[in-house]
Colleague: 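Questions regarding the structure given below will be posed in turn.
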There are 2 protein chains.
Amino acid sequence: MDSIISQHGGRREPGGRRPLSQMAILGEAIRFIDEQGLERLTMRQLGARLGVEAMALYRYIPGREQLLDGVVEVLMDELYRDTMVDNDAASWQDYLQTLAAGVRRLAQTHPRVFPLVASRPPAAPWLRPPLRSLRWVEAFLEGLAGYGFSHTSSVAAYRAFATFLLGHLLLETSAATAMPTDPADDIEFIESNDLADYPLITELGPELAVDMFGDEFDAALEDLINRLTVDLD
Amino acid sequence: MDSIISQHGGRREPGGRRPLSQMAILGEAIRFIDEQGLERLTMRQLGARLGVEAMALYRYIPGREQLLDGVVEVLMDELYRDTMVDNDAASWQDYLQTLAAGVRRLAQTHPRVFPLVASRPPAAPWLRPPLRSLRWVEAFLEGLAGYGFSHTSSVAAYRAFATFLLGHLLLETSAATAMPTDPADDIEFIESNDLADYPLITELGPELAVDMFGDEFDAALEDLINRLTVDLD
DNA sequence: ACCTGAACACCGTTCAAGT
DNA sequence: ACCTGAACACCGTTCAAGT
């Protein structure tokens, strides 16, 4: 984890605080959400974590909405560095596999932030979460062009790829975020809903509960790649 | 639109109000979100729309979180009636097509509520949004069993189907919800981001901006069905 | 230059009190 | 039985004032 947001240390203010800055605030916000979840992130709480009153943050960030936008931007920059810089995939199939793995890694590293990447209104309507930074999308299209994709094909690939990632990773992060997977909760839930009315769910319960996200992701991605292959002619 | 939530009229209170009830409140909440969006739905605003102070709602609903859960439940009941009752598809392929169309219809009817269906923590971790009601999932599994699916295959189909719907419909509703598609915004956005740095996006702009959700949905669904076919042996 | 205190307009929610 | 007024603990945000 050599990400910019996990940097600690550095200069300190007289009060024992790290000096405030936009980056320091955004990094702390990400750490906060990672630990406590988005619902608990308030300007006041965030200020407190930085050793400062909430009002001090407004010198660096226009408001809460822009704070969240900034969080998304920081993660997209991280994704860019992680997936686009020095990407030397041997084929477009490898290229997509590498990128998909990178986005999934991001989602797994920040499961409680990922919904933000996935759901914040994008800057332009044709930017599809979770692939929502101009720089990243430009590099993506350029990459595909380098592998011989036509304009039409690379746009289609962008769309399909984003849709695929959104569905899979939103479900995976939401499962990862859900309560400490206490099987007792399942039982309680089932019982409170009159188990008897749902015989198939009852029978398939154990099978439903198995975590298959990795396999599903790989299988659906392979399938998506096949679909794109067909479209290429 | 014969949905239960669009019923008006009926008995009135002396004050000129419709009588309060859980259903009346949930229905009004859905109408409110449809019109104004989730961000503006507060207990106080909702009360005002029902001709009542916010505190009166607590007699019928435990709190705001449960209000939102209730909204999701009402829409899932609507989906159940719309897709599961009297479903007489001739094949499992038709069956999935019918169901997919029904979920898409729901998303298009309530584009600003759909994110709630998609993102609220499900009651059990193995329930996948947007297919999150026990009753609906039971019927789904039963339906597939009727077409000869093994338990393993129907569980796999449930997972893949939910993932597919989540990705596609979240993107489609989010695009539908975005600003009144003012092309001037795009231009302004592009210009503010130094267009020159993103030549491919610039060139492909018009192609990116074309709405293709219908075609994409159909193509990806067909593909999903093919994938399931292969898995069946 | 950078942070804070006090204040404003809003939340969700509780509860005793009204009708 | 059903609703409200008043109150509490919390928000985001502004701005004059402090250092």
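Just so it is clear: chains get the letters A, B, ... in the order the sequence lines come, proteins before strands, and each one is counted from 1. Since this is a predicted model, take the numbers as computed values, not measurements. All heavy atoms count here, side chains included; hydrogens, waters and symmetry mates do not.
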Colleague: Could you state the atom-to-atom distance from CG of Leu50(B) to P of dC3(D) in whole Å?
Modeller: 10 Å

Colleague: By salt bridge (Lys or Arg N to Asp or Glu O under 4.0 Å), which residues pair with Arg64(B), not counting sequence neighbours?
Modeller: none

Colleague: Give the table of side-chain donor-acceptor pairs shorter than 3.5 Å for residues 154-170 of chain B, with sequence neighbours excluded, one pair per line with atom names and distance.
Modeller:
| unit_1 | atom_1 | unit_2 | atom_2 | d |
| --- | --- | --- | --- | --- |
| Ser154(B) | OG | Ser150(B) | O | 2.9 |
| Ser154(B) | OG | His151(B) | O | 3.1 |
| Tyr158(B) | OH | Arg128(B) | N | 2.7 |
| Tyr158(B) | OH | Leu131(B) | O | 2.8 |
| Arg159(B) | NH1 | Leu208(A) | O | 3.3 |
| Arg159(B) | NH1 | Val210(A) | O | 3.2 |
| Arg159(B) | NH2 | Glu207(A) | O | 3.1 |
| Thr163(B) | OG1 | Arg128(B) | NH1 | 3.2 |
| Thr163(B) | OG1 | Arg159(B) | O | 2.8 |

Colleague: Let me know the distance between CD of Glu53(A) and P of dT4(C), rounded to the nearest Å.
Modeller: 5 Å

Colleague: Please enumerate all residues that pass salt bridge (Lys or Arg N to Asp or Glu O under 4.0 Å) together with Arg49(A), with sequence neighbours excluded.
Modeller: Glu28(A), Glu35(A)

Colleague: Quick one: list whatever passes side-chain hydrogen bond (donor to acceptor under 3.5 Å, both in side chains) with Asp77(B), sequence neighbours left out.
Modeller: Arg135(B)

Colleague: For the side chain of Arg59(A), starting at C-beta, report the closest nucleotide among dC3(D), dC2(C), dT4(D).
Modeller: dC2(C)

Colleague: Give each stem of DNA chain C as a range with a range, requiring at least 3 consecutive Watson-Crick or G-U wobble pairs whose two distances are under 3.5 Å.
Modeller: C:4-8 with D:12-16, C:12-16 with D:4-8

Colleague: Salt bridge (charged side-chain N to carboxylate O under 4.0 Å, His left out): which pairs involve residues 160-170 of chain A, sequence neighbours left out?
Modeller: none

Colleague: Below 3.5 Å between N/O atoms, which protein atoms pair up with nucleotides 10-14 of chain D? Just atom names and distances, please.
Modeller:
| unit_1 | atom_1 | unit_2 | atom_2 | d |
| --- | --- | --- | --- | --- |
| dG12(D) | OP1 | Met43(A) | N | 3.1 |
| dG12(D) | OP1 | Arg64(A) | NE | 3.3 |
| dG12(D) | OP2 | Met43(A) | N | 3.0 |
| dG12(D) | N7 | Arg44(A) | NH1 | 2.3 |
| dG12(D) | O6 | Arg44(A) | NH2 | 3.4 |
| dT13(D) | OP2 | Tyr58(A) | OH | 2.8 |
| dT13(D) | OP2 | Arg64(A) | N | 2.8 |
| dT13(D) | O5' | Tyr58(A) | OH | 3.3 |

Colleague: Could I get the full list of side-chain hydrogen bond (donor to acceptor under 3.5 Å, both in side chains) partners for Arg44(B), not counting sequence neighbours?
Modeller: none

Colleague: Flag the pair Glu138(A) / Pro199(B) as yes when at least one side-chain heavy-atom distance between them is below 4.5 Å, and no otherwise.
Modeller: yes

Colleague: Rounded to the nearest angstrom, tell me the gap between atom CG in Leu46(B) and atom C1' in dC3(D).
Modeller: 15 Å

Colleague: Please name all residues satisfying side-chain contact (heavy atoms from CB on, under 4.5 Å) with Arg120(A), sequence neighbours left out, ordered by chain then number.
Modeller: Glu65(A), Leu68(A), Asp69(A), Val72(A), Leu116(A), Arg132(A)

